[in-house]
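Naming: A, B, ... by sequence-line order, numbering from 1 per chain.
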Amino acid sequence: MTHRAGPESNPSESSTTFPQVAEPVLRRVQDTIIAWFEEAARDLPWRHPDTSAWAILVSEIMSQQTPVSRVEPRWRAWMDQWPTPADLAAAPTAEVLHAWDRLGYPRRALRLQDAAEVIAADLDNQVPETTEELERLPGIGSYTAAAVSSFAFGRKATVLDTNVRRVLVRLFAGRERPTTSPGREETAWAANLVPDVKHVEWNAGVMEFGALVCTARNPDCPACPLHDICTWNQLGRPASATKPKTQKWAGTDRQLRGAIMDVLKAAHAAGDDRHGVSLDVFTTSVTELDPTLIDSLSESTAAAVARVRELSADRDRISRLMTDLVTDGLAQKIDGRLALPNR
DNA sequence: AATCCGGGGCG
DNA sequence: CGCCCAGGATT
């Protein structure tokens with residue numbers, strides 16, 4: 001072999017996307033972030049020393065795309081009800097979805113229970129420590145695996161969430177915001193920035209720094225202890241050219257699906273779903289708003305039905321979304337009746 | 001790489 | 001009312 005492979009030997013573009021960071025600069029950033037974190041970190045309950053690895057895992061799942069302020073009360077109630085993986089694995093799925101409340105993305109709750117079943121059945125009820133093992137669990141991807149390995153077990157890992165990606169990209173690459181999802185190149189780049197000592201504080205610190213100082217919307221650059229060496233700040237904080245278009249909500253299937261889920265949860269809470277909510281009663285109630293049929297349900301369930309009715313009177317569409325809920329495992333259909341799953 | 005998947009709250 | 005929030009799975 002007298003020659004190297006050709007195609008990949010043009011480093012001109014990638015080196016500017018994720019540039020090498022000079023050693024003194026990196027040390028300054030690491031020391032600053034870690035010191036800042038140890039002084040300014042929020043007192044989150046799952047950061048307390050006696051928190052179990054499972055409790056930390058639960059907090060990470062709940063925090064996916066959901067603000068900490070909304071997670072905290074749900075997490076407390078959840079851990080009080082199901083302290084270990086075996087507890088959650090044994091719980092009725094309808095109760096799990098009800099306890100998930102309105103945290104959003106309810107399939108996260110299903111996958112969390114799936115993960116609990118694997119841990120309880122195959123892993124002696126113990127949360128695995130390595131990112132490789134964690135990533136095999138349902139609902140756990142690269143971020144959550146690294147976070148649990150780092151925060152619950154103190155292992156060195158590369159925690160790369162939206163906060164970390166934004167902070168690193170601003171500091172070292174001069175861009176306002178990261179891409180939609182991290183690629184292999186970015187992950188490797190970020191891994192090289194993790195220090196060998198106090199890597200847990202680094203991981204948690206960069207995340208916290210992105211959440212409190214280097215925020216997406218109104219970063220507090222005047223208060224930033226790194227403003228003098230921040231590439232993005234030096235460039236005058238240029239806005240990224242292409243901002244990802246935000247997903248619609250009003251009028252979408254997602255909104256209507258959520259309202260239908262509310263009916264199931266209300267029916268479950270009121271005991272209306274002992275034999276499931278009849279599909280006929282449900283769809284007729286929704287489309288015709290028939291008082292007779294509504295009266296056969298509890299007041300809270302009827303109110304949830306009325307809310308669906310406000311969003312849509314399209315019977316076919318409602319029918320299709322209910323079918324989707326069954327397919328996704330978020331609802332269960334038995335003899336023409338619809339209910340929350342009872343696995 | 002782009003989409004979809006909930007829901008709420010803030011500027 | 002647009003945008004963002006400790007992402008993951010699928011295509």
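For R166(A), the side chain to side chain donor-acceptor pair (under 3.5 Å) partners at least two apart in sequence or on another chain are N163(A). Scanning for ring pair (Phe, Tyr, Trp, His ring centres under 6.0 Å) contacts around W189(A) gives F18(A), with sequence neighbours left out. The salt bridge (Lys or Arg N to Asp or Glu O under 4.0 Å) check on R102(A) picks up D262(A), with sequence neighbours excluded.
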Got a list of side-chain donor-acceptor pairs under 3.5 Å for residues 194-201 of chain A, not counting sequence neighbours?
unit_1	atom_1	unit_2	atom_2	d
D196(A)	OD1	K156(A)	NZ	2.5
K198(A)	NZ	E38(A)	OE2	3.0

Side-chain donor-acceptor contacts of residues 264-273 of chain A below 3.5 Å, not counting sequence neighbours, with atom names and distances?
unit_1	atom_1	unit_2	atom_2	d
K265(A)	NZ	D101(A)	O	2.7
H268(A)	ND1	D273(A)	OD2	3.1
H268(A)	NE2	E95(A)	OE2	2.8
D272(A)	OD2	S298(A)	N	3.1
D272(A)	OD2	S298(A)	OG	2.8
D272(A)	OD2	T301(A)	OG1	2.7

Donor-acceptor list for residues 216-228 of chain A side chains, cut-off 3.5 Å, not counting sequence neighbours:
unit_1	atom_1	unit_2	atom_2	d
H227(A)	ND1	C224(A)	O	2.8
D228(A)	OD1	R28(A)	NH2	2.9
D228(A)	OD2	R28(A)	NH1	3.1

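For DNA chain C, no neighbouring residue in residues 303-321 of chain A is found when judged by any heavy atom under 4.0 Å. Sorted by residue number, the members of residues 50-61 of chain A with any non-hydrogen atom under 4.0 Å from DNA chain C read E60(A).
If you measure from atom CG of L325(A) to atom P of dC4(B), you get 17 Å, rounded to the nearest angstrom.
Sorted by first and then second residue, the pairs that involve residues 170-183 of chain A and meet side-chain hydrogen bond (donor to acceptor under 3.5 Å, both in side chains), not counting sequence neighbours, are R165(A)-T179(A). For residues 38-57 of chain A, the pairs satisfying ring pair (Phe, Tyr, Trp, His ring centres under 6.0 Å) are W46(A)-W75(A), with sequence neighbours left out.
S142(A) comes within contact range of the sugar-phosphate backbone alone, with a heavy-atom separation under 4.0 Å but no base atom that close. Note on L44(A): a base of the nucleic acid sits closer than 4.0 angstrom, heavy atoms only. Residue contacts shown for S69(A) are absent, as no nucleic acid heavy atom lies under 4.0 Å away. Using a 4.0 Å heavy-atom criterion, one finds that R165(A) contacts no nucleic acid atom at all. In this structure, A147(A) reaches neither bases nor backbone, as no heavy-atom distance under 4.0 Å exists between it and the strands shown. Looking at heavy-atom distances under 4.0 Å, W100(A) makes no contact with the nucleic acid at all.
When only modelled atom types and interatomic distance are considered, T144(A) and Q64(A) share a side-chain donor-acceptor pair under 3.5 Å.
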Assign a letter to each nucleotide of nucleotides 6-11 of chain B from its 5' end: B, base within under 4.0 Å of a protein heavy atom; S, sugar-phosphate only; -, no contact.
BBSBBS
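Taking every nucleotide of DNA chain C with any atom under 4.0 Å from a non-hydrogen atom of chain A, the first and last of them, 5' to 3', are dG2(C) to dA9(C).
The 5' end of DNA chain C is approached more closely, in terms of each residue's nearest nucleotide, by R47(A) than by the other of G139(A) and R47(A).
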